Amino acid sequence: MIYASMRSIASYIPKQCITNFDLEKIVDTSNEWITKRTGIKTRYFADKTQATSDLATYAGELAIQRAGLRPSDIDLVIVATLSPDFLGMPSTACIASHNLGIHNKPAFDITTACTGFIYLLSLAKAYIQAGMYENILIIGAEKISSLLDFNDRSTCVLFGDGAGASVISATSDQNEAIVDVHISANGQYSDFLVTPGCGSRNPANQHVIDSNLQFIQMKGNETFKLAVKTLANDVDYILKANSMQPEDIKFFIPHQANLRIISAVGEMLDFHQDQIVVTVDQFGNTSAASIPMAINSVYEAQKLQKGDLLLLDAFGGGLTWGSALLRFGGL
Ligand code: COA
């Protein structure tokens, strides 16, 4: 039997740290409001010369190295992003692949917003179990700062840039395998999180630009309520489907959008504080990069051992959501 295993994890954090106090200077907000309502203290922004593929390349390079592989060993590259280098084409995955020295191998992007990494895991698992590929590089990468309206205080304080990457490899050892991945979507709520301008619905023109429609818009309150309910249901579903309890999990790693959402979901599901991984305070919401960056934070803190059971859970624009159970397969 072939299983898929998370062989490595890595991330890239851009250099420029933006504090809540920095944002106080450009938008009508306060450190107190941001901290109390979101738990975010800092986030990192890529510099003007960097595009999403550059962040993806740094994280991807480290993930390949940590998997003990060379670029030529990678059979497929998939990038999840809502902030691609270019609208339409070429894909960010093609550019990152080229930067990484991965030649003549398939590469493509997916757009499932903050649920990106869970969708990537489901694709990698399916390709590997079908016997099509042996080593797949999956990357969640975002330069969301390029999509933020710094006149809109309800969104611009929430997000940050970054990238997280992982090599998913074939294995025969069930003790280091991805156990289960569950993904879903409901387009009924597609207006909750949206970048309305510059796509085929509202092609780029002066009106679109003058109205700031190229930036992220969010129905924060409605999204918040749905996020808590959906994330909690989703965790419950995947645990029951695999006959597991919260106490079987080493780390619960939810999407990092808001500390209040994470705490509410954690409490509803009876996770202990030390099981729940929180990075939203440092990085803000880095969308598709949020979960791999959070896994990497426990990896780099040397808290993650081979075989540890991780429960991942995400929710984002689309709306999309998903969860994954996996035994870490890295060293
Ligand atoms: N600084 C100061 N005040 C702000 C502010 C900011 N950055 N952003 C909003 N406010 C104000 C609002 O204008 C509003 O003022 P009013 O009562 O005078 O109208 C007040 O704060 C409350 O706004 P509201 O939107 O109801 O706040 P909230 O408690 O829902 O928190 C979010 C806002 C965005 C932090 C919260 O809704 C959230 O986290 N939503 C979900 C985010 C999410 O999960 N997103 C993506 C999934 S990937």
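Remember, it's a predicted structure, so these values are computed and weren't measured experimentally. Ligands are counted one by one from 1 in listed order, and the atoms in each one are counted from 1 as well.
Closest to atom 18 (O) of ligand 1, if we only count protein heavy atoms, is Arg153 NH2, 5.0 Å. Here the heavy atom of the protein found nearest to atom 33 (C) of ligand 1 is Trp33 CH2, 3.9 Å. In this structure, atom 41 (C) of ligand 1 lies nearest to the protein heavy atom Gly220 O, 3.5 Å. Protein heavy atom closest to atom 39 (O) of ligand 1, with residue, atom name and distance, is Asn258 ND2, 2.7 Å. Nearest non-hydrogen protein atom to atom 44 (O) of ligand 1 is Ile261 CD1, 3.4 Å. Ranking the protein heavy atoms by distance from atom 45 (N) of ligand 1 puts Met218 SD, 3.4 Å first. Among protein heavy atoms, atom 28 (P) of ligand 1 sits closest to Arg37 NH1, 3.4 Å.
The backbone and the side chain of Phe224 each have at least one atom closer than 4.0 Å to an atom of ligand 1 (non-hydrogen atoms only). Counting heavy atoms closer than 4.0 Å to ligand 1, residue Asn221 contributes atoms from both its backbone and its side chain. Only the side chain of Cys114 comes within 4.0 Å of ligand 1, counting heavy atoms alone; its backbone N, CA, C and O stay farther away. Contact annotation for Val157 and ligand 1: only side-chain heavy atoms (C-beta onward) come within less than 4.0 Å of the ligand.
For the side-chain contact (heavy atoms from CB on, under 4.5 Å) with Val179, the lone residue among Leu310, Leu311, Leu325 that qualifies is Leu325. Just one residue in the list Ile9, Val298, Leu309, Ile178 forms a side-chain contact (heavy atoms from CB on, under 4.5 Å) with Phe328, and that residue is Ile9.
Atom 21 (O) of ligand 1 is approached by the protein to below 4.0 angstrom, counting heavy atoms only. Inside a 4.0 Å radius of atom 5 (C) of ligand 1 there is at least one protein heavy atom. Within a 4.0 Å radius of atom 1 (N) of ligand 1, the protein has at least one heavy atom. Less than 4.0 angstrom separates atom 10 (N) of ligand 1 from at least one non-hydrogen atom of the protein.
When each atom of ligand 1 is checked for a heavy atom of Thr38 under 4.0 Å away, the hits are 35 (C). Atom numbering of ligand 1 starts at 1 in the shown order; those under 4.0 Å from a heavy atom of His255 are 48 (S).
Salt-bridge formation is detected for the pair Asp191/Lys219: a Lys NZ or Arg NE/NH1/NH2 atom is positioned less than 4.0 Å from an Asp or Glu carboxylate oxygen. Remark: Arg7 does not engage Glu134 in a salt bridge, criterion side-chain N to carboxylate O under 4.0 Å.
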Checking Thr49 against Asp47 for the side chain to side chain donor-acceptor pair (under 3.5 Å) test, could you report, in this order, the C-alpha distance in whole Å, the side-chain angles of both residues, the deciding distance, and whether it holds?
CA-CA 6 Å; Thr49 65; Asp47 70 44; 2.5 Å; yes
Could you go through the side chain to side chain donor-acceptor pair (under 3.5 Å) check for Thr19 and Asp22 one step at a time?
CA-CA 5 Å; Thr19 66; Asp22 294 327; 3.2 Å; yes
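For the residue pair Thr171 and Ser5, no side-chain donor N or O sits within less than 3.5 Å of a side-chain acceptor on the partner. For Asn242 and Asp180, the side-chain atoms include at least one donor-acceptor pair closer than 3.5 Å. Under the 3.5 Å distance criterion, with hydrogens and angles disregarded, a donor-acceptor pair is assigned to the side chains of Ser83 and Glu142.
We find the CH2-OG1 distance between Trp321 and Thr112 to be 12.5 Å, quoted to the nearest 0.5 Å. Here the straight-line distance linking atom CG of Leu55 with atom OH of Tyr44 works out to 14.5 Å at 0.5 Å rounding.
At least one heavy atom of Ser154 sits less than 4.0 Å from an atom of ligand 1.
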